[in-house]
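First up is the structure itself, then whatever we jot down about it.
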Amino acid sequence: MGRMKFLCDVERCIDCSGCVVACKEGNQIPVGVNRRRVITINQGKPGEKSISVACMHCADAPCIAVCPVDAIYQRDDGIVLVSKETCIGCGYCFMACPFGAPQFPSGQVFGARGAMDKCTFCAGGPEENFSEKERKLYGQNRIAEGKVPLCAAMCATKSLLAGDADIVADVYRERVFKRGSGSNAWGWDKAYKKK
Amino acid sequence: MNYYYKVIMKRILIPACIAATGMVAAMVYAGTDPVIVTPIGAGTGTSSFIQMNDAFTGDWQQYGQTFTNLQAGLFDQLFLVILTLIPAVFLLHYILIGAKHFDHEGEDVYFFSSTTRLIHWVAAVSFSLLVVTGLMIIFGKLLGGGTLIMGGRIVHIASALVFAVAAVFMFLIWLKDMLPMPYDIAWLFIMGGYLSKKKKPIPAGKFNAGQKMWFWLATVGGLVMAYTGWYLYTFQVTTDQLRILAIIHNFLGAAMIAMFLVHLYMSMFAIKGALTSMITGYKPREEVEILHSRYKI
Ligand code: HEM
Ligand code: HEM
Ligand code: SF4
Ligand code: SF4
């Protein structure tokens, strides 16, 4: 099985936020939660760059290491998922994550954090594939349907790449070669370098 | 002929010339402006990536990694050691040296006013809940997580509100009696006299050095716990700050639990009948004269 990865090509992202909207709509995410975010640095100045980031589905994921109830797990294809019924909303995964991926809807009592919600790589959750419960708690399961995640599928500039790591890396390498710049993909060192 | 010539000139050639001039101008301009001629992408790399890191979660290498390592390995072990070692030491003390008994038949001294007792018990109940629910979060794995521990978190927040208020009152009520005194050093040197069964007068005022340490840790430490806990609840700080606050909350929590266990042992087992004094307000005169020899009754 391939190893799934995200890559956002900083030279191509035009800050349209289409990925954010597609993700929110397609997965019916609770208010106040953004599984994917786009940020822009140096806005309106030379060197302006935008990047779209969700969960990177890290190798050696720090979130898994810190969770006090083992609510987070990694599939064989590298996708990192959370069981919302086990999560206690403590927020440790957010503190451990290098990408600020874990998000928290505010809960019923005292507005304390509810169960953690984050990007699922559009692979649903621990529930049975395509079940109503899975859809309600985690959103779509496009991976089980053989599709790429919504965000990458709709990205107009194809800045956001998602899928098998080798293919994603090849596409990006070719682009970098054609453009004549030698930069690494943002976040890849942190997310995927084996420690 | 003339007509077509005019049309061609007006509609095609002139716009074409303007466009061509524009393009040449743009190319010349581009030649002078490095921003446009540099291949796209050459400006990326570390500098802009660092800015992006900042925009997401701060300096992960420094605080994120530290937090991850501590939480993944150290914290639960630290709590486990405290929870087993301290009771074990006390069990040994109880068996080898045993509790101190004082004459409860003789004269009594009024030691704790009703307000004092009320505040103490409010603090005691809320803090006990904080300890239990805090440990539930830390050892959540063993209980399977989910609704139970989520409920524990809610109780933790509710008790925190009560405890924070009680801690302020406790601080104000006892501050005067808890200020460090020269004889506290002597008390520390003889370990409070707990290592022997002899009833020699022990250098201490209304409270001894050990009680004072518990007081300061419980009140000032408790308020630091309330402060750090508040931000762990609201999350309204940067991610790096959250990491630091969580580390403080855990280390200080460990220290507080350790001293809490000491307090429980001392007040419930080591000095027979001490618990009564916090319920009725009265202590045996003999106990005060020996354990609090500098206290003017
Ligand atoms: C002494 C034992 C205590 C232990 C072991 C403990 C442990 C914990 C733990 C494990 C958490 C989960 C979040 C985190 O650490 O980042 C937490 C959160 C919190 N603690 Fe404590 N704590 C203790 C005492 C206190 C005290 C004395 C207060 C305040 C007066 C307090 C207030 C809070 C608050 C407000 C939260 C955030 C709750 C949330 O939203 O999850 N804690 N504590
Ligand atoms: C359920 C738990 C608790 C029990 C059974 C308990 C019992 C007692 C007793 C019997 C005394 C009187 C000791 C003496 O003078 O001989 C006392 C004193 C005191 N308690 Fe507690 N207590 C508890 C929890 C707490 C908590 C949570 C705090 C603070 C956060 C606290 C703070 C104090 C302080 C500062 C004193 C006075 C100094 C001292 O004796 O150490 N207690 N407690
Ligand atoms: S990006 Fe964050 S949430 Fe996703 S796997 Fe890595 S550490 Fe976990
Ligand atoms: S918020 Fe949930 S998933 Fe994240 S560390 Fe806490 S229990 Fe685990």
Side-chain angles (χ1 to χ4, degrees), chain A residues 8-12 37 39-42 46-51 53 62-71 83-92 94-101 104 107-115 175-176 178-187 189-190 195, chain B residues 35 38-49 51-58 60-61 63-65 67-73 75-76 136-154 156-158 161 232-235 239-240 242-247:
Chain A
C8 181
D9 188 339
V10 178
E11 305 308 332
R12 284 193 175 212
R37 285 169 301 160
I39 63 123
T40 303
I41 58 163
N42 298 327
E48 170 174 324
K49 300 234 174 334
S50 295
I51 188 162
V53 173
C63 57
I64 297 179
V66 298
C67 178
V69 294
D70 287 341
S83 160
K84 286 196 184 183
E85 286 180 333
T86 311
C87 170
I88 59 167
C90 70
Y92 281 167
F94 177 82
M95 298 176 211
C97 177
F99 303 98
F104 300 91
Q108 313 289 314
V109 194
F110 300 132
R113 285 181 299 284
R175 280 187 195 172
V176 167
K178 281 200 181 134
R179 292 197 295 244
S181 70
S183 67
N184 295 317
W186 183 82
D189 254 17
K190 237 182 238 163
K195 272 146 245 156
Chain B
V35 175
T38 346
I40 328 166
T44 55
T46 17
S47 67
S48 55
F49 284 5
Q51 277 177 286
M52 284 170 186
N53 289 344
D54 282 347
F56 284 101
T57 58
W60 191 81
Q61 243 68 21
Y63 299 109
Q65 199 156 34
F67 170 78
T68 304
N69 292 341
L70 286 173
Q71 170 59 24
F75 286 148
D76 48 355
M136 273 168 77
I137 301 173
I138 291 161
F139 296 107
K141 268 183 206 143
L142 305 177
L143 298 165
T147 328
L148 176 72
I149 317 271
M150 186 84 98
R153 262 186 65 222
I154 303 296
H156 197 83
I157 298 172
L161 286 173
L232 293 174
Y233 163 64
T234 62
F235 259 45
T239 315
D240 274 344
L242 270 185
R243 289 161 178 158
I244 297 168
L245 292 169
I247 293 172

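Chain identifiers are assigned alphabetically (A, B, ...) following the order of the sequence lines, protein sequences preceding nucleic acid strands; residue numbering begins at 1 within each chain.
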Approximate separation, where rounding is to 0.5 Å, of B/Ile154 CD1 and A/Phe110 CZ: 6.5 Å
Tell me every residue that passes side-chain contact (heavy atoms from CB on, under 4.5 Å) with A/Ala96, counting only those two or more places apart in sequence or in another chain. A/Pro62, A/Val66, B/Phe67, B/Thr68
Options B/Gly152, B/Gly146, B/Gly64, B/Gly151, ranked by heavy-atom pairs under 4.5 Å with chain A, top entry: B/Gly146
Counting heavy-atom pairs under 4.5 Å to chain B, which of A/Gly114, A/Gly100, A/Pro98 comes out on top? A/Pro98
Aromatic plane relationship, A/Phe104 with B/Phe235 - under 30° parallel, 30 to 60° tilted, over 60° perpendicular: perpendicular
Rounded to the nearest 0.5 Å, the CD1 atom of B/Ile137 sits from the OH atom of A/Tyr92 at a distance of 7.0 Å
Enter the distance from A/Arg113:CZ to B/Ile157:CD1 here, rounded to the nearest 0.5 Å. 7.5 Å
Report the option among A/Val53, A/Thr40, A/Asp9 that has the most heavy-atom pairs separated by less than 4.5 Å from atoms of chain B. A/Val53
Under a 4.5 Å cutoff for heavy-atom pairs, which residue among B/Asp240, B/Ile149, B/Thr234 has the most contacts with chain A? B/Ile149
Chain A contact via B/Leu232 - side chain, backbone, both or neither, heavy atoms under 4.5 Å: both
Heavy-atom pair with the smallest gap, counting every atom of B/Arg153 and A/Ala112: NH2-CB, 3.8 Å
So CD1 of A/Ile88 and CG of B/Leu148: to nearest 0.5 Å the spacing works out to 10.0 Å
Please identify, among A/Cys67, A/Gly89, A/Gly111, the residue contributing the most non-hydrogen atom pairs under 4.5 Å to chain B. A/Gly89
Quick check for you: to the nearest 0.5 Å, what is the distance between A/Cys90 atom SG and B/Met150 atom CE? 10.0 Å
Who passes side-chain contact (heavy atoms from CB on, under 4.5 Å) against A/Thr86, sequence neighbours left out? A/Val69, A/Ala71, A/Ser83
So do the side chains of B/Gln71 and A/Met95 get within less than 4.5 Å of each other, counting heavy atoms only? no
Is it the side chain or the backbone of A/Cys97 that comes within 4.5 Å of chain B heavy atoms, both, or neither? backbone
